[in-house]
Chemist: 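Okay, here's the structure, questions in a sec.
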Amino acid sequence: AGEDGEVGEVGEVDELGNASGDQGGSLWQSVSVVGDAGVNHLGFYTCAWRPDGLAIATHGHSGALHVWNAVLPDSRGRCLGEDGETDDGRGESDANLVHFLPSGPCCCGHTGPVVDSSWSPDGSTLCTVSADQTCRLWGNPDGRCWREVGRPQVHGHDFSCVTFVSNDVYVSGSEEKVLRVFENSLTDERGARVRVKLPALGLSNVVCQDGAGTEEMEKEGATSAEGDFNNAHASITEEDLSQNTLWPEIRKLYGHGNDLHRVTADPKGRFVASSSRAQEPLSAAIIVWDTETWTEVARCAGHDLTVTCMDCMARDDGIDLLATVGRDRKLVVWERRKDASISNWRIRASKSKAHARVIWGCAWVKEEEDSPVSRRSTLITSARDGTISAWDVLDVPDGGENPGIHEDVLVKKAEIKMASSVMTVATRGPLIAAGLESGHVAILALREESRGECDPTRLVCELELLCTCGEEVRHAGAVRRVDFCPNGGAEGNRATLLSSVGDDGAVKFWRIP
């Protein structure tokens with residue numbers, strides 16, 4: 001009795017507790033209603049009592065674990081809250097009844113496979129997207145642990161990709177043909193952060209103009225999310241995450257004819273490259289977008305099937321390189337020469353059958369200043385056949401607008417065989433992180449030694465496996481993305497913070513000793 005939705009589970013202590021799909025948990029005979037997670041919450045699934053009966057925990061549709069703590073009446077029959085005041089205005093109460101404080105901060109997480117992730121340039125925030133149709137932000141505002149600090153986008157489609165362009169702008173793609181751009185720095189006339197809501201039947205976050213929608217939002221329990229989302233929410237609640245941390249959507253990018261598959265951003269934030277699912281060369285073309293105007297400036301056609309991964313590198317000499325790999329087992333390196341237009345891309349090198357099976361990942365190794373090979377770029381690739389390869393991408397003379405493709409520009413210099421398919425790779429100097437289909441995360445090192453006394457450019461290169469995570473901490477599904485944190489985030493020890501996401505719905509943070 002007392003539930004408006006389907007009852008999910010019942011637990012018993014001295015009194016009866018249940019979890020329900022009507023967005024509330026209640027006690028038998030409605031002694032006390034303890035749960036109301038707001039309009040964006042689709043109900044509770046399970047509930048459990050603490051052994052002493054003074055707390056209730058429930059698991060919700062959004063993946064959060066809610067906990068309500070009991071408050072016993074004092075000798076005068078008053079229920080006092082945490083601040084010593086009468087709790088929630090209940091006033092005088094039957095001394096035999098138990099009241100509960102509102103749910104505080106709770107454990108949160110994705111409820112479906114996490115398909116992609118991206119670090120903000122300053123390393124303070126990790127953005128993850130999932131098949132649960134949510135985009136979530138993770139931060140470490142108090143320096144103690146990483147937790148969810150924002151939920152800027154709740155979508156009607158399963159996500160497929162995401163990338164940060166700057167600390168306040170990111171681009172996401174899903175099972176639709178449109179890229180969406182979000183920005184968190186918009187303010188109103190008073191300088192306050194704008195109010196944002198998601199219409200009941202819409203897919204786009206809407207900014208409430210001139211107070212429009214304010215009354216509706218207040219009725220739904222929403223408030224303005226002002227201030228820095230990553231610093232002000234050390235005790236953020238699930239209700240705040242689901243209602244008050246949406247980001248304004250500023251642009252939609254149209255150009256692909258099929259569902260989006262991958263997106264990546266230039267390290268300097270000047271352009272974004274995207275790819276879609278493809279069964280023929282025309283659909284496999286990569287689109288380059290100018291981030292100043294958010295318009296399409298180039299189409300790069302070099303693959304026959306879906307481009308599975310892309311990575312950009314901005315070299316110190318002004319040359320931009322874009323590496324792309326795909327289901328056609330092809331590795332292509334695109335180049336934009338110094339001072340050339342952002343739309344002027346050409347193929348520097350292309351390698352068919354670079355691996356024996358589908359190529360899943362690629363990542364540039366940042367050039368070392370003391371490298372014995374002048375103007376040399378190194379690329380790491382990984383594939384379904386379980387191999388990780390290191391490639392030298394050599395420079396060629398500037399041959400004008402159509403210099404042709406040089407076969408000797410792309411040279412494989414090392415390869416290692418892993419125990420499982422390698423789904424993703426990331427680099428940090430000589431360190432390489434690899435995410436495996438088995439759920440393991442492995443750390444490798446790229447080692448190079450000069451063996452020529454007269455010619456220092458003669459190198460012996462090898463990939464060495466340093467360690468693999470243990471069975472007790474690996475992902476329970478395939479690892480979809482690994483990423484080294486720029487600047488190491490808020491914890492310090494800036495070179496060795498690594499994130500990984502996988503099909504098990506987990507977001508893991510690793511500290512590499």
Side-chain angles (χ1 to χ4, degrees), residues 115-116 160-161 256-264 273-288 299-313 321-335 345-365 377-394 404-427 432-438 442 444 446 461 463 478-482 503:
V115 295
D116 200 9
S160 58
C161 54
H256 289 286
N258 295 330
D259 292 349
L260 274 302
H261 186 76
R262 186 62 61 188
V263 63
T264 190
S274 60
S275 68
S276 65
R277 297 178 182 177
Q279 296 294 329
E280 38 83 24
L282 182 62
S283 300
I286 299 161
I287 298 181
V288 179
R299 283 187 180 248
C300 302
H303 287 271
D304 301 321
L305 298 173
T306 302
V307 174
T308 55
C309 189
M310 301 177 288
D311 193 32
C312 301
M313 182 173 69
L321 296 177
L322 173 64
T324 62
V325 296
R327 290 183 175 273
D328 53 5
R329 298 184 291 160
K330 186 181 293 185
L331 165 60
V332 181
V333 177
W334 305 83
E335 176 187 66
W345 291 86
R346 68 186 188 188
I347 296 179
R348 169 186 280 196
S350 179
K351 181 73 172 178
S352 298
K353 299 181 180 179
H355 286 264
R357 303 290 296 276
V358 174
I359 308 176
W360 290 125
C362 65
W364 288 105
V365 177
S377 303
T378 300
L379 180 68
I380 306 297
T381 59
S382 65
R384 188 175 182 180
D385 59 8
T387 59
I388 299 175
S389 299
W391 305 81
D392 262 347
V393 184
L394 304 179
I405 300 174
H406 295 255
E407 294 294 335
D408 58 350
V409 170
L410 200 56
V411 180
K412 182 186 292 187
K413 59 182 180 179
E415 187 172 88
I416 189 172
K417 177 74 173 180
M418 305 297 290
S420 175
S421 298
V422 186
M423 309 296 294
T424 175
V425 288
T427 63
I432 301 170
L436 308 184
E437 190 175 29
S438 62
L444 304 92
L446 179 65
C461 179
L463 288 167
V479 180
R480 291 298 176 184
R481 183 71 181 261
V482 291
D503 283 348

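We use all heavy atoms of the structure for the numbers below, so side chains are in, but hydrogens, waters and symmetry mates are not.
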Chemist: Under 3.5 Å, side-chain donor or acceptor atoms of residues 414-421 against the rest of the protein: list the pairs with distances, not counting sequence neighbours.
Modeler:
residue : atom : partner : partner atom : Å
Glu415  : OE2  : Ser389  : OG           : 2.8
Glu415  : OE2  : Lys412  : NZ           : 2.9
Lys417  : NZ   : Asp385  : O            : 2.1
Ser420  : OG   : Ser438  : N            : 3.3
Ser421  : OG   : Arg384  : O            : 2.7
Ser421  : OG   : Glu437  : OE1          : 3.3

Chemist: Can you name the side chain to side chain contact (heavy atoms under 4.5 Å, CB included) partners of Thr324, sequence neighbours left out?
Modeler: Ile286, His303, Val307, Met310, Leu322, Val332, Trp334

Chemist: Could you walk me through whether Thr378 and Lys413 satisfy the side-chain contact (heavy atoms from CB on, under 4.5 Å) test, starting with their C-alpha distance in whole Å, then the side-chain angles of each, then the deciding distance to 0.1 Å, before giving a yes or no?
Modeler: CA-CA 9 Å; Thr378 300; Lys413 59 182 180 179; 3.0 Å; yes

Chemist: Do Val393 and Val409 touch side chain to side chain, with heavy atoms closer than 4.5 Å?
Modeler: yes

Chemist: Any side-chain heavy atom of His256 sitting closer than 4.5 Å to one from Ser274?
Modeler: yes

Chemist: How long is the straight-line distance from OG of Ser377 back to CH2 of Trp391, given to the nearest 0.5 Å?
Modeler: 15.0 Å

Chemist: Any chance you could lay out the side-chain contact (heavy atoms from CB on, under 4.5 Å) test for His261 and Cys161, step after step, and finish with the verdict?
Modeler: CA-CA 6 Å; His261 186 76; Cys161 54; over 6 Å; no

Chemist: Please tell me if the side chains of Asp304 and Glu280 come closer than 4.5 Å, counting only heavy atoms from C-beta onward.
Modeler: no

Chemist: Please round to the nearest 0.5 Å and tell me the distance separating atom OG of Ser276 and atom CD1 of Ile287.
Modeler: 7.0 Å

Chemist: So do the side chains of Lys353 and Arg329 get within less than 4.5 Å of each other, counting heavy atoms only?
Modeler: yes

Chemist: Can you tell me how far apart CD1 (Ile380) and CG (Leu446) are? Round to the nearest 0.5 Å.
Modeler: 5.0 Å

Chemist: Does a side-chain heavy-atom distance below 4.5 Å link Asp503 with Arg480?
Modeler: yes

Chemist: Report yes if some heavy atom in the side chain of Val288 is under 4.5 Å from a heavy atom in the side chain of Cys300; otherwise report no.
Modeler: yes

Chemist: Tell me every residue that passes side chain to side chain contact (heavy atoms under 4.5 Å, CB included) with Thr424, counting only those two or more places apart in sequence or in another chain.
Modeler: Val479, Arg481, Val482

Chemist: List in chain and number order the residues that pass side chain to side chain contact (heavy atoms under 4.5 Å, CB included) with Ala285, two or more places apart in sequence or in another chain; answer none if no residue qualifies.
Modeler: Ala301

Chemist: The criterion is side chain to side chain contact (heavy atoms under 4.5 Å, CB included); which residues satisfy it with Cys362, sequence neighbours excluded?
Modeler: Cys309, Asp311, Ala323, Val325, Leu379, Thr381

Chemist: Is a side-chain N or O of Thr308 found less than 3.5 angstrom from the main chain of Ile359, in a donor-acceptor match?
Modeler: yes

Chemist: Quick one: CD1 on Ile388 to NE2 on His355, what's the gap to the nearest 0.5 Å?
Modeler: 9.0 Å

Chemist: Restricting to ring-ring contact (aromatic ring centres under 6.0 Å, His included), what partner residues turn up for Trp345, sequence neighbours left out?
Modeler: Phe271

Chemist: Of all the heavy-atom pairs spanning Leu444 and Ala434, show the shortest one and how long it is.
Modeler: CD1-CB, 4.0 Å

Chemist: Does the side-chain contact (heavy atoms from CB on, under 4.5 Å) test come out yes or no for Leu331 and Leu410, once each step is laid out?
Modeler: CA-CA 9 Å; Leu331 165 60; Leu410 200 56; 3.6 Å; yes

Chemist: So Val422 and Trp360, do their side chains get closer than 4.5 Å, heavy atoms only?
Modeler: no

Chemist: If you look at every heavy atom in Met423 and Leu436, which pair is closest and at what distance?
Modeler: CG-C, 4.0 Å

